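Before any comments, here is the structure.
Only this structure's heavy atoms are used, side chains among them; waters, hydrogens and symmetry mates stay out. Please read these numbers as outputs of a predicted model, since none were measured by experiment.
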Amino acid sequence: IVLPMRERPMFPGITLPLIFSGRANIEAIQAAADAPNGVIGLVLAKKYIENNPHESELYSVGTVMKVFRVLTVAEDTVQVFAQALHRFTL
């Protein structure tokens with residue numbers, strides 16, 4: 001599972017909270033959190049498409065994130081506490 005990021009790149013070794021909204025993003029994050037390894041890929045978007053983020057133009061390098069916790073903060077928004085593990089190439 002790979003999700004586009006629009007605000008900042010992630011670097012290995014960093015642990016931080018991230019906010020995600022939208023049904024597709026939340027479903028992808030929940031699937032990653034429920035998976036045995038609990039990881040998800042995040043890639044910075046060159047051009048983020050607000051109404052369809054999965055069609056965004058992405059950079060070729062992303063970061064594998066280990067999801068520790070997912071908290072619902074609103075009906076269509078979650079906060080994810082995760083640690084960046086290592087880089088990957090699309």
Check residues 77-90 and write down every donor-acceptor pair under 3.5 Å in which the side-chain atom is one partner and the other belongs to a residue at least two apart or another chain.
from	atom 1	to	atom 2	distance (Å)
R87	NH1	M10	O	3.2
R87	NH1	T63	OG1	3.3

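Both I14 and I29 are assigned to one and the same hydrophobic cluster, defined by single-linkage of ILVMFWY side chains at heavy-atom distances under 4.5 Å. One hydrophobic cluster, built from ILVMFWY side chains closer than 4.5 Å, holds both V39 and V2. I26 and I19 are assigned to two separate hydrophobic clusters, defined by single-linkage of ILVMFWY side chains at heavy-atom distances under 4.5 Å. I40 and F11 fall within a single hydrophobic cluster, where Ile, Leu, Val, Met, Phe, Trp and Tyr side chains are chained together by heavy-atom contacts under 4.5 Å.
Residues satisfying the side chain to side chain contact (heavy atoms under 4.5 Å, CB included) test with D34, not counting sequence neighbours, are Q30. Every residue was checked against the salt bridge (Lys or Arg N to Asp or Glu O under 4.0 Å) condition with R69, not counting sequence neighbours, and none meets it. Taking A45 as the reference, P4, Y48, S56, L58 meet the side chain to side chain contact (heavy atoms under 4.5 Å, CB included) condition, with sequence neighbours excluded.
Between L16 and R8 the shortest heavy-atom distance is CD1-NH2, 3.0 Å. Summarising the geometry of L3 relative to A28, their closest heavy-atom pair is CD2-CB, 3.9 Å, with the distance given to 0.1 Å. Residues L42 and M65 share a closest heavy-atom pair of CD1-CG, 3.5 Å.
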